[in-house]
Amino acid sequence: MLDKANDKKYEEYKNFIARAYEHCIRLATVLSLFDKKSMVTEQECQCAVGLMYYFIDQRMNLIIDGVIRENEIVECGEKVKKFLENYVETHPNEEITKKILNDRAPMQYRKMEVKTRKLVLEEMRSRDYIRVIEGKKTVIYLNTERSEAS
């Protein structure tokens with residue numbers, strides 16, 4: 001958690017992260033009490049750290065000074081989702097491959113490093129926006145039922 005405080009992405013949230021560190025210790029203790037343990041184990045500590053990472057990331061999404069701050073991966077995923085919806089509408093019989101995304105997706109996605117692009121697709125998959133089928137070529141399918149509901 002202290003490493004996260006040194007990350008430029010979280011620079012603006014150093015004070016929040018410093019307090020979160022203390023709360024993380026409290027959370028680990030509470031988690032161990034839920035399991036009726038007399039000692040805090042590594043498992044509770046790992047769970048508490050995971051919860052604090054979640055809270056830190058949620059804090060970044062709060063409105064501050066009238067500006068909504070959104071995670072870059074989530075923001076890009078939403079743009080790619082809109083691109084896919086338009087692409088499916090205009091090319092209904094064409095498979096969407098990673099090459100199409102790399103060549104035609106929003107500029108924010110195309111400028112990302114490969115590992116960050118993978119995070120965007122993983123985020124979209126976790127939100128059930130897409131299915132990804134790996135093979136000779138990677139094909140991305142838009143989950144239209146989920147897409148229409150959002």
Side-chain angles (χ1 to χ4, degrees), residues 1-87 96-102 104-135 137-150:
M1 297 233 327
L2 296 176
D3 288 343
K4 202 166 205 170
N6 294 326
D7 185 337
K8 281 194 179 274
K9 177 179 174 184
Y10 298 96
E11 188 173 327
E12 161 178 4
Y13 304 98
K14 280 186 180 198
N15 291 335
F16 181 80
I17 292 171
R19 289 190 310 275
Y21 176 77
E22 296 167 8
H23 294 305
C24 185
I25 296 167
R26 291 183 187 100
L27 268 174
T29 304
V30 169
L31 290 171
S32 68
L33 291 173
F34 282 152
D35 290 336
K36 297 183 171 102
K37 295 179 181 174
S38 59
M39 283 183 48
V40 177
T41 66
E42 185 178 342
Q43 182 180 7
E44 283 90 25
C45 291
Q46 288 174 347
C47 290
V49 168
L51 285 168
M52 290 318 301
Y53 280 178
Y54 172 78
F55 291 136
I56 290 166
D57 289 337
Q58 290 303 303
R59 171 63 177 90
M60 291 175 65
N61 293 326
L62 292 177
I63 296 175
I64 300 171
D65 299 331
V67 177
I68 297 175
R69 290 176 174 78
E70 191 171 71
N71 180 302
E72 176 189 22
I73 302 296
V74 174
E75 177 186 350
C76 185
E78 293 295 328
K79 289 179 181 177
V80 171
K81 178 183 161 223
K82 286 182 179 140
F83 165 79
L84 291 173
E85 289 168 345
N86 290 332
Y87 196 87
I96 303 169
T97 61
K98 270 191 180 177
K99 180 171 178 15
I100 289 172
L101 283 182
N102 294 341
R104 302 182 193 174
M107 190 57 72
Q108 180 181 1
Y109 178 84
R110 288 186 279 157
K111 285 184 175 181
M112 291 178 164
E113 295 179 14
V114 172
K115 65 180 183 177
T116 311
R117 288 178 183 181
K118 286 181 183 178
L119 291 174
V120 170
L121 293 178
E122 200 51 48
E123 174 68 24
M124 292 177 68
R125 195 180 344 203
S126 76
R127 292 174 181 257
D128 202 27
Y129 291 159
I130 60 170
R131 287 178 296 124
V132 178
I133 307 297
E134 305 276 343
K137 59 183 175 182
T138 301
V139 181
I140 295 109
Y141 295 97
L142 183 64
N143 288 337
T144 53
E145 308 82 39
R146 173 74 174 107
S147 181
E148 290 168 2
S150 46

Let's go through Val30 and Arg26 carefully: what are the C-alpha distance in whole Å and the side-chain angles of both, what is the deciding distance for side chain to side chain contact (heavy atoms under 4.5 Å, CB included) to 0.1 Å, and is it a yes or a no? CA-CA 6 Å; Val30 169; Arg26 291 183 187 100; 5.5 Å; no

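- Taking a 6.0 Å sphere around CD of Glu113, one finds it holds 12 or fewer heavy atoms contributed by other residues, nucleotides or ligands.
- The side-chain heavy atoms of Asn102 and Thr97, taken from C-beta on, include no pair separated by under 4.5 Å.
- By the 4.0 Å N-to-carboxylate-O rule, Lys82 lies too far from Glu85 to be salt-bridged with it.
- With a 4.5 Å cut-off on side-chain heavy atoms, Cys45 and Val40 count as touching.
- Taking the side chain as every heavy atom from C-beta outward, Asp35 and Gln43 never approach each other to under 4.5 Å.
- Side-chain contact between Lys79 and Tyr109: absent, with no pair of heavy atoms (C-beta onward) separated by less than 4.5 Å.
- Looking at Glu123 and Tyr129, their side chains never bring a donor and an acceptor atom within 3.5 Å of each other.
- Here the side chains of Phe55 and Leu27 are in contact, with some heavy-atom distance below 4.5 Å.
- The two residues Pro106 and Phe83 make their nearest non-hydrogen contact at CD-CB, 3.8 Å.
- You'll find the side chain of Lys81 stays beyond 4.5 Å of the side chain of Arg127, heavy atoms only.
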Walk me through it: do Leu142 and Ile96 pass the test side chain to side chain contact (heavy atoms under 4.5 Å, CB included)? CA-CA 9 Å; Leu142 183 64; Ile96 303 169; 5.5 Å; no

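- Between the CG atom in Leu101 and the CD1 atom in Ile140 there is a gap of 4.5 Å [rounded to 0.5 Å].
- Looking at every heavy atom in both residues, Leu119 comes nearest to Ile73 through O-CG2, 3.6 Å.
- Contact record, Tyr87 with Ile100: OH-CD1, 3.5 Å, taken as the closest heavy-atom pair.
- Scanning both residues, Arg110 and Ala105, for their nearest heavy atoms gives NE-O, 2.6 Å.
- Not a single donor-acceptor pair under 3.5 Å links the side chain of Arg131 to the backbone N or O of Asn143.
- Between atom CD of residue Gln108 and atom OG1 of residue Thr116 there is a gap of 10.5 Å, rounded to the nearest 0.5 Å.
- Counting heavy atoms from C-beta outward, Lys99 and Lys137 have side chains that stay 4.5 Å or more apart.
- Nearest approach of Leu31 to Ala48, heavy atoms of both residues: CD1-N, 3.9 Å.
- For the atom pair SG (Cys24) and CD (Gln46), the distance works out to 11.0 Å, reported to the nearest 0.5 Å.
- At a threshold of 4.5 Å between non-hydrogen side-chain atoms, the residues Lys98 and Arg117 do not count as touching.
- Closest of all the heavy-atom pairs between Leu33 and Lys37 is CD2-O, 4.3 Å.
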